Enquirer: 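Pasting a structure here, questions to come.
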Amino acid sequence: MQTILLTGFEPFDQDLVNPSWEAVRQLDGVQLGDDVQIVARRLPCAFATAGDYLAQLIAELSPVMVIATGLGPGRSDISIERVAINVNDARIPDNLGAQPIDTAVVVGGPAAYFTTLPIKAMVKAVREAGLAASVSQTAGTFVCNQVFYRLQHLLAGTAVRSGFIHVPALPEQVVGSGQPSMALAMLVEGLQVAVRAAWRTPMDVVEAGGQVS
Ligand code: PCA
């Protein structure tokens, strides 16, 4: 049985839950056909430990595909990330109190890495399932981007495709704030559809997914 590693994050910034972990934990053990299954794991929300833990999981599990997910506060849909950049610029401290400003994720590394996932096919599949999704052109500059960059750096040049998905907050996290949200059941369904599309699509489809500004 082959493994697709799917990660979510622990809560951060005073939240009690992180929808990325709440969703992916429900997909742990789900089989996508006879020969491949999802293994879900939770990452710490800390610059010092998240990337190392992810690298350790990859060494242990030898996954055939890796998709990390995180909460994108203010996101209104399932956001399939296109690019990870080589910069940490934290607006808030992480869960260990670290707040790096304008440091490199990997000193001497390339400015950016593109995802190796078929992001357009993933967006199309999630939309066809009746759920909101889009290509996102930035994963931010906090722990999610750092983990995404570390992931792409680690797997660059290998056959293991990888990338990152940001998800909206849960409805109960945004009550009274006017911020967008998505119900947990929709996140679970949307992520499952996105992962399945990623696994089944060796070559991405050509479809508009850009932004004017
Ligand atoms: N979201 C944060 C870090 C952990 C998470 O779930 C981010 O977007 O960087």
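First listed ligand is number 1; within each ligand, the first listed atom is number 1. In this chain, residues are counted from 1 in sequence order. Here the structure is a predicted model, which is why all the values come from computation and not from measurement.
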Enquirer: Can an N or O of Ser20 be found at a distance shorter than 3.5 Å from an N or O of ligand 1?
Expert: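 In this structure, Ser20 places no N or O atom under 3.5 Å from an N or O of ligand 1.
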Enquirer: Just need the protein heavy atom nearest to atom 1 (N) of ligand 1, so name the residue and atom and give the distance.
Expert: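 Protein heavy atom at minimum distance: Leu71 O, 2.8 Å.
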Enquirer: Could you check atom 8 (O) of ligand 1 against the protein and tell me its nearest heavy-atom contact, residue, atom and distance included?
Expert: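 The closest one turns out to be His166 NE2, 2.8 Å.
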Enquirer: Can you name the ring-ring contact (aromatic ring centres under 6.0 Å, His included) partners of Tyr113, sequence neighbours left out?
Expert: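 Checked Tyr113 against ring-ring contact (aromatic ring centres under 6.0 Å, His included); matches are Tyr149, His153.
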Enquirer: Any chain of hydrophobic side-chain contacts (each under 4.5 Å) joining Ile80 to Leu131?
Expert: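 In one cluster with Ile80: Leu131, yes.
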Enquirer: Can you list the ligand 1 atoms lying under 4.0 Å from a non-hydrogen atom of Asn18?
Expert: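 So the atoms of ligand 1 that pass are 5 (C), 6 (O).
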Enquirer: What are the two closest non-hydrogen atoms of Asp35 and Met1, and how far apart are they?
Expert: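 That would be C-SD, 3.4 Å.
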Enquirer: I'd like to check which ligand 1 atoms, numbered from 1 as shown, lie under 4.0 Å from a non-hydrogen atom of Phe142.
Expert: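 Under 4.0 Å from Phe142, ligand 1 has these atoms: 2 (C), 3 (C), 7 (C), 9 (O).
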Enquirer: Roughly how far, to the nearest 0.5 Å, is the OG1 atom of Thr69 from the CG atom of Asn18?
Expert: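 These two atoms lie 7.5 Å from each other.
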Enquirer: With respect to Phe12, determine whether any N or O atom, backbone or side chain, lies less than 3.5 Å from an N or O atom of ligand 1.
Expert: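 No, there is no polar N/O contact under 3.5 Å.
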Enquirer: May I have the step-by-step check of salt bridge (Lys or Arg N to Asp or Glu O under 4.0 Å) for Glu81 and Arg75, ending in yes or no?
Expert: CA-CA 12 Å; Glu81 298 294 347; Arg75 305 281 180 129; 3.1 Å; yes
Enquirer: By number and element, which atoms of ligand 1 are closer than 4.0 Å to a non-hydrogen atom of Gly70?
Expert: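 This gives 6 (O) as the contact atoms.
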Enquirer: Looking at ligand 1, does any of its N/O atoms fall within less than 3.5 Å of an N/O of Asn145?
Expert: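 No, there is no polar N/O contact under 3.5 Å.
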Enquirer: Under 4.0 Å from a heavy atom of Val143: which atoms of ligand 1 are those, numbered in the order shown and with their elements?
Expert: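 It comes down to these atoms of ligand 1: 9 (O).
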Enquirer: Taking the non-hydrogen atoms of Glu10, is any one of them nearer than 4.0 angstrom to ligand 1?
Expert: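 Under 4.0 Å: no for Glu10.
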Enquirer: Considering only protein heavy atoms, which is closest to atom 7 (C) of ligand 1, and at what distance to one decimal place?
Expert: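 Answer for atom 7 (C) of ligand 1: Cys144 SG, 2.8 Å.
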Enquirer: Please check: side-chain N/O of Lys120 versus main-chain N/O of Glu207, any donor-acceptor pairing under 3.5 Å?
Expert: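 At least one qualifying donor-acceptor pair exists.
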Enquirer: Please identify each residue that fulfils side chain to side chain donor-acceptor pair (under 3.5 Å) with Asn145, with sequence neighbours left out.
Expert: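 Applying side chain to side chain donor-acceptor pair (under 3.5 Å) to Asn145 gives none.
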Enquirer: Which bit of Phe9 gets closer than 4.0 Å to ligand 1, counting heavy atoms only: side chain, backbone, both or neither?
Expert: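 Only the side chain of Phe9 comes within reach of ligand 1.
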Enquirer: How close do Cys144 and Ala139 get, heavy atom to heavy atom, and via which atoms?
Expert: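 Shortest heavy-atom separation between Cys144 and Ala139 comes out as CB-O, 4.4 Å.
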Enquirer: Measure the acute angle between the ring planes of Phe164 and Phe9, then classify it against the limits of 30° and 60° as parallel, tilted or perpendicular.
Expert: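 Answer is tilted, since the angle falls between 30° and 60°.
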Enquirer: Is there a heavy atom of Cys45 sitting under 4.0 angstrom from any atom of ligand 1?
Expert: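 Within the 4.0 Å threshold, so yes.
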